[in-house]
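Report on one structure; see the data block that follows.
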Amino acid sequence: MRGLTEGEVSPARGSLQAVITAAAVLAALALLVSACATGGTGTRDEGPAHADSVAGAAAASPSPSPAPTLQRVDAVQLVKDDPLVSNAVKKTLQPCAGDDYPVDVSYGDLTDGAVDDVVINVLTCGDAVGVGSYVYRADGDRYQNVFQSEESPVYAEIDRGALMVTKQVYENGDQVSNPSGENVITYIWKDGRFVQDDFHHTDFGTTVDTSPTKAPAPAPAEN
């Protein structure tokens with residue numbers, strides 16, 4: 001066997017280098033294919049996938065229901081045109097001074113409608129005693145009477161989505177400004193109508209004599 005001169009490579013060494021080169025090429029190709037399969041980063045990108053899932057969950061969550069629309073009404077005309085309102089209340093509904101009518105009007109969501117409900121209290125001019133309380137619910141372009149109380153004195157108002165009706169209780173001899181008590185009745189909207197949900201009675205100014213009772217004088221002794 002002749003010696004190798006500078007620049008010459010033995011056949012065995014050349015074959016080994018060819019094998020190493022081929023293995024390096026295959027490894028590079030495998031790495032390239034893996035990078036293409038994982039979006040070009042060589043590893044799975046968990047961040048964007050997680051963000052997309054959160055965004056999808058947020059998009060699927062239901063949006064809150066829109067609040068009812070406030071639509072102001074002519075309360076006086078609404079009561080006067082209502083055939084369910086008694087003639088006695090309609091006669092009371094007269095201006096106290098100029099165009100100032102004795103009515104209290106409030107708006108709020110009582111019946112889960114698309115438009116706010118209207119609560120109207122008709123009062124007397126002199127002492128502002130409630131003679132009629134009404135609730136009107138929007139029905140298309142009209143309003144429907146869904147509650148009324150004409151047991152005077154009465155006053156209705158909206159309390160946290162419920163209808164609260166207060167009725168003063170008078171006994172014989174009570175002045176208008178000094179009732180003996182009151183009944184507070186709470187109604188909720190259920191199955192297309194108002195139903196009673198709570199009742200509370202309060203007595204006012206009941207005075208009880210708590211002073212000691214004097215013992216009767218002893219009877220004289222018999223002889």
Side-chain angles (χ1 to χ4, degrees), residues 61-93 101-125 127-208:
S61 60
S63 57
S65 301
T69 303
L70 174 60
Q71 182 174 307
R72 298 192 178 277
V73 301
D74 185 341
V76 174
Q77 198 62 44
L78 190 59
V79 172
K80 286 185 175 182
D81 293 342
D82 187 354
L84 298 179
V85 177
S86 67
N87 290 329
V89 172
K90 290 181 179 180
K91 290 180 180 179
T92 304
L93 191 53
Y101 283 84
V103 293
D104 281 349
V105 185
S106 57
Y107 300 83
D109 182 15
L110 289 171
T111 66
D112 297 327
V115 178
D116 273 337
D117 304 299
V118 185
V119 179
I120 302 175
N121 290 285
V122 180
L123 314 172
T124 59
C125 286
D127 42 24
V129 173
V131 296
S133 298
Y134 311 90
V135 178
Y136 291 92
R137 185 176 192 268
D139 183 12
D141 58 349
R142 304 179 61 184
Y143 278 87
Q144 178 185 5
N145 183 337
V146 292
F147 178 89
Q148 73 176 46
S149 177
E150 295 179 339
E151 298 177 5
S152 180
V154 61
Y155 193 88
E157 54 190 324
I158 300 172
D159 181 29
R160 293 170 292 184
L163 176 65
M164 188 172 67
V165 179
T166 302
K167 297 181 179 181
Q168 304 296 330
V169 178
Y170 290 90
E171 295 181 358
N172 292 335
D174 286 345
Q175 299 180 354
V176 174
S177 60
N178 189 27
S180 296
E182 70 176 11
N183 296 329
V184 179
I185 310 171
T186 303
Y187 298 89
I188 59 174
W189 185 257
K190 185 177 181 181
D191 298 330
R193 63 190 183 94
F194 282 105
V195 296
Q196 181 174 321
D197 183 62
D198 189 36
F199 176 89
H200 182 73
H201 173 78
T202 302
D203 287 325
F204 295 151
T206 301
T207 303
V208 179

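In what follows, residues are counted from 1 in the order of the sequence shown. Heavy atoms only: backbone and side chains are in, while hydrogens, waters and symmetry mates are out.
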Could you tell me the separation between the [atom1] atom of [X] and the [atom2] atom of [Y], rounded to the nearest 0.5 Å?
X	Y	atom1	atom2	result
Glu171	Asn178	CD	CG	11.0 Å
Lys167	Glu182	NZ	CD	12.5 Å
Asn121	Tyr155	CG	OH	5.0 Å
Asn183	Phe199	CG	CZ	3.5 Å
Asn87	Thr92	CG	OG1	10.5 Å
Leu93	Leu123	CG	CG	10.0 Å

Any side-chain heavy-atom pair of [X] and [Y] under 4.5 Å:
X	Y	result
Val119	Glu157	no
Tyr107	Gln71	no
Thr202	Val184	no
Val135	Phe194	yes
Pro179	Val169	no
Val85	Lys80	no
Tyr134	Val89	yes
Thr186	Asp159	no

Glu151 atom CD: more than 12 heavy-atom contacts under 6.0 Å: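 It does not: Glu151 CD has 12 such atoms or fewer within range.
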Which heavy atom of [X] sits nearest a heavy atom of [Y], and at what distance?
X	Y	answer
Cys125	Pro102	SG-CG, 4.0 Å
Gly132	Val154	N-CG1, 3.9 Å
Gly113	Arg137	CA-NH2, 4.0 Å
Gly161	Leu110	O-CD2, 3.6 Å

Using atom types as modelled and distance alone, determine if a side-chain donor or acceptor of Ser133 lies under 3.5 Å from a backbone N or O of Gln148. no
side-chain contact (heavy atoms from CB on, under 4.5 Å), that's the test. Do Leu78 and Ile120 meet it? Break it down for me. CA-CA 9 Å; Leu78 190 59; Ile120 302 175; 4.0 Å; yes
Quick one: do Trp189 and Val146 satisfy side-chain contact (heavy atoms from CB on, under 4.5 Å)? Show the steps, please. CA-CA 10 Å; Trp189 185 257; Val146 292; 4.0 Å; yes
Where at least one partner belongs to residues 164-187, residue pairs that pass ring pair (Phe, Tyr, Trp, His ring centres under 6.0 Å), sequence neighbours excluded: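 Applying ring pair (Phe, Tyr, Trp, His ring centres under 6.0 Å) to every pair that reaches into residues 164-187, excluding sequence neighbours, yields Phe147-Tyr187.
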Take Leu163 and Ile188 through the test side-chain contact (heavy atoms from CB on, under 4.5 Å) and record every step on the way to the result. CA-CA 6 Å; Leu163 176 65; Ile188 59 174; over 6 Å; no
Working note: Asp109 + Asp116, criterion side-chain contact (heavy atoms from CB on, under 4.5 Å); need CA distance, chi angles, decisive distance, verdict. CA-CA 5 Å; Asp109 182 15; Asp116 273 337; 4.2 Å; yes
